[in-house]
Amino acid sequence: MIMGVPHLFQSQRSPTSKRAAQNKASILIINGFVYFCGVSLLLSLVWSLLSMLDPNLSLETVISKTRFTHSQGLNQCHDPPDTTFYDDPNLSYNMETPMKGWDKKRKEWLRHHPSFNADAQRRILMLTGSQPSPCKNPVGDHLLLRMFKNKVDYCRLHGYDILYNNLLLHPKMNSYWAKYPVIKAAMMAHPEAEWIWWIDSDAVFTDMEFTVPLEKYKNHNLIVDGWEREIYEKKSWTGLNAGVFLIRNCQWSMDFMHVWTSMGPQSPDFNKWGQVQKSILKDKMFPGSDDQAALIYLILKQNEKWADKIYLEHEYALSAYWLAIVDKLDNLTSRYMKMERRAHRLRRQHAEVVSECHGALTEQYLKDAGLNNSTWRRPFVTHFTGCQPCNGEHNPMYKGDACVNGMQRALNFADNQVLRRFGVVHPDLLTSFVTPLEQLE
């Protein structure tokens, strides 16, 4: 009986229905053939047109070029053949050659790459780096690796690009001055970035959720940790810290860096500039010209030309001195946990990709905490000035293990803010051991 069922259904179908089924199948085959021919013809036309522009272009390349790759809505495969500043045979990346017309060059490049125009004013490229050779200090390379990981974590949470450099792009510009050829080259290599954020290798993000308030700096081009009174009244070398700053990718910055770095070691007047700086800044401890003293000199001596575009930030810790921070990190953890227990929205787990949004929510509960280092707010950036983790030649006023232990505590403190999204934390800031979150609840 079961074998007879298909036969029964076949006997009930009329010759007309058979022809209809055959016609339908034929129509589907014809439509499929027409569609295939149409797609093939379209690709052939595209290939023919592009081949006239590039005779070496293959059909496989054409097909790959039609598959746009998007990162955060950016079309990274669109680079039209229009002439831009990159085609200028006289284009120079070196510090001695002034950059002219940079704002126009950037604007023109962005016009040819329209997907990068969206939210361009908030686009940041972070730069950091170290020396080309291995560290003399046995644990130095490990510490630098952990400090770089800290910066990568911060950039991932906030959607920033990051570039790590370990080469001298200018053979004479070393030490303090090595970062400026990198910054200029990065501006030219990344015209889509509005801000270049330099952060020294020995600086650690200790508030992974805090977001720099860029809207605050709409009328400024250089943002640096500093205090007006220390610079203008006391004329102190520590009136600002040039190890962490944001600089706008614009003509003003190109001009300013050209003047700023003219006091560097590539200048024939390098020794003279060191003497001039030391005569003005009485607490400057060494005779050579350095970038921090040079920046203060320009603020003081060429105030009308530059100072209006320089923002001395002291409302939050853009570069907090580590010795005033590391011993209170455990207390800060306790205060934040207490705050989170009062606000369930802060305590609940969330995906890493919404960390910046979570940080904005946290700010609502920190209004009474204040912004400066004397409050119970997490310091934004903790800078291990004077520790020299790579060469080990830190300031003799520090105890032998003070710097290493301080770095370990700061790195684990920051790491805990990231690891929570993965269900673990460091219960002790001086060890790499981690514990599941539920064991600490």
Side-chain angles (χ1 to χ4, degrees), residues 70-74 76 115-129 145-165 183 186-187 189-201 203-218 220 222-225 243-249 311 313 315-320 332 336 340 345-346 348-366 369 371 377-383 410-422:
H70 292 270
S71 173
Q72 299 179 343
L74 305 179
Q76 294 175 306
S115 72
F116 289 90
N117 274 310
D119 208 28
Q121 295 300 310
R122 300 189 58 82
R123 192 166 296 121
I124 290 175
L125 172 65
M126 186 175 292
L127 301 183
T128 187
L145 175 63
R146 288 208 62 192
M147 289 179 174
F148 178 52
K149 177 193 176 295
N150 167 263
K151 297 170 180 66
V152 170
D153 282 341
Y154 182 84
C155 287
R156 186 180 69 255
L157 296 178
H158 294 267
Y160 303 151
D161 289 329
I162 184 168
L163 185 152
Y164 191 99
N165 176 69
I183 293 172
M187 286 181 172
H190 287 269
E192 82 286 354
E194 179 69 12
W195 291 95
I196 303 297
W197 187 349
W198 174 265
I199 177 166
D200 279 357
S201 59
V204 176
F205 286 99
T206 39
D207 190 341
M208 302 300 282
E209 291 184 337
F210 186 82
T211 303
V212 171
L214 293 179
E215 64 282 354
K216 182 178 179 180
Y217 312 126
K218 62 182 180 180
H220 298 86
L222 177 62
I223 318 304
V224 62
D225 188 72
V244 183
F245 60 83
L246 290 96
I247 186 165
R248 194 183 295 275
N249 193 356
Y311 195 102
E313 181 58 81
E315 290 187 353
Y316 62 88
L318 185 59
S319 182
L332 291 178
Y336 272 72
E340 290 172 355
R345 293 176 67 192
L346 298 182
R348 65 190 292 262
Q349 281 286 73
H350 60 268
E352 213 184 44
V353 73
V354 295
S355 292
E356 192 168 83
C357 181
H358 188 267
L361 176 64
T362 304
E363 285 296 317
Q364 299 178 22
Y365 294 86
L366 289 170
L371 287 168
R377 172 186 285 272
R378 292 188 296 227
F380 181 34
V381 177
T382 300
H383 199 170
L411 287 165
N412 286 339
F413 177 78
D415 214 19
N416 276 347
Q417 298 167 47
V418 178
L419 290 175
R420 284 180 60 181
R421 308 286 79 83
F422 297 86

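- Looking only at side-chain heavy atoms (C-beta outward), Leu127 and Ile196 come within less than 4.5 Å of each other.
- The side-chain heavy atoms of Ser319 and Phe245, taken from C-beta on, include no pair separated by under 4.5 Å.
- Side-chain contact check for Arg420 and Gln349: no donor-acceptor pair (N or O, by modelled atom type) lies under 3.5 Å.
- Taking Tyr311 as the reference, Tyr217, His220 meet the ring pair (Phe, Tyr, Trp, His ring centres under 6.0 Å) condition, with sequence neighbours excluded.
- Under the side chain to side chain contact (heavy atoms under 4.5 Å, CB included) criterion, Asn117 pairs with Leu110, Pro114, sequence neighbours left out.
- Taking the side chain to side chain donor-acceptor pair (under 3.5 Å) definition, one finds that Ser355 meets it with nothing, sequence neighbours left out.
- Across all non-hydrogen atoms, the minimal contact from Ser201 to Gly129 is CB-O, 3.2 Å.
- Between Asp415 and Lys149 there is a salt bridge, since a side-chain N of the basic residue sits under 4.0 Å from a carboxylate O of the acidic one.
- For the pair Glu209 and Gln417, the tightest heavy-atom approach, listed with the atom from each and the gap, is N-OE1, 4.3 Å.
- Remark: the backbone N or O of Met208 is paired with a side-chain donor or acceptor of His158 at under 3.5 angstrom.
- The ring pair (Phe, Tyr, Trp, His ring centres under 6.0 Å) search around Tyr365 returns none, not counting sequence neighbours.
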_Chi angles and distances behind the side-chain contact (heavy atoms from CB on, under 4.5 Å) call for Arg377, Tyr316_ = CA-CA 9 Å; Arg377 172 186 285 272; Tyr316 62 88; 5.7 Å; no
*I would like to know whether Glu215 and Arg122 meet side-chain contact (heavy atoms from CB on, under 4.5 Å); could you show each step before the answer?*
CA-CA 9 Å; Glu215 64 282 354; Arg122 300 189 58 82; 3.7 Å; yes
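- The CG atom of Leu246 sits 11.5 Å away from atom CG of Asp225, with the distance rounded to the nearest 0.5 Å.
- Applying the side chain to side chain contact (heavy atoms under 4.5 Å, CB included) criterion to Gln364, with sequence neighbours excluded, gives Leu361.
- Between Trp198 and Asp200 the shortest heavy-atom distance is NE1-OD1, 2.7 Å.
- Judged as a salt bridge (charged side-chain N to carboxylate O under 4.0 Å, His left out), and not counting sequence neighbours, the contacts of Glu352 are Arg156.
- Qualifying salt bridge (charged side-chain N to carboxylate O under 4.0 Å, His left out) partners for Arg248, counting only residues two or more places apart in sequence or in other chains: Glu194.
- In terms of heavy atoms, Asp161 sits closest to Cys155 at O-SG, 4.2 Å.
- Residues passing the side chain to side chain donor-acceptor pair (under 3.5 Å) test with Asn150, sequence neighbours excluded: none.
- Taking OH of Tyr164 as the start and OG1 of Thr128 as the end, the distance is 6.0 Å to the nearest 0.5 Å.
- Rounding to the nearest 0.5 Å places CD of Glu356 at 9.0 Å from CG of Leu157.
- The two residues Ala410 and Val204 come nearest to each other via the heavy atoms O-CG1, 4.2 Å.
- The structure places CE of Met187 at 5.0 Å from CG of Asn249, a figure rounded to the nearest 0.5 Å.
- Atoms CD1 and CD1, on Ile183 and Ile247 in that order, are 6.0 Å from each other to the nearest 0.5 Å.
- Contacts of Asn165 classified as side chain to side chain donor-acceptor pair (under 3.5 Å), with partners at least two apart in sequence or in another chain: none.
- The shortest non-hydrogen separation linking Val244 to Ala203 is CG2-CB, 4.1 Å.
- When the salt bridge (charged side-chain N to carboxylate O under 4.0 Å, His left out) test is applied to Asp207, the partners found at least two apart in sequence or on another chain are Arg378.
- Under the ring pair (Phe, Tyr, Trp, His ring centres under 6.0 Å) criterion, Phe205 pairs with Tyr154, Trp197, Phe380, not counting sequence neighbours.
- For the atom pair Leu411 CG and Met147 CE, the distance stands at 5.5 Å (nearest 0.5 Å).
- Residues meeting the side chain to side chain donor-acceptor pair (under 3.5 Å) test with Thr206, sequence neighbours left out: Thr382.
- Counting heavy atoms from C-beta on, the side chains of Leu214 and Trp195 come closer than 4.5 Å.
- Under the 4.0 Å criterion applied to side-chain N and carboxylate O atoms, Lys216 and Glu313 are assigned as salt-bridge partners.
- In this structure, Thr362 and Leu346 have side chains that are in contact, with non-hydrogen atoms separated by less than 4.5 Å.
- Side-chain atoms of Arg123 come within 3.5 Å of backbone N or O of Glu192 as a donor-acceptor pair.
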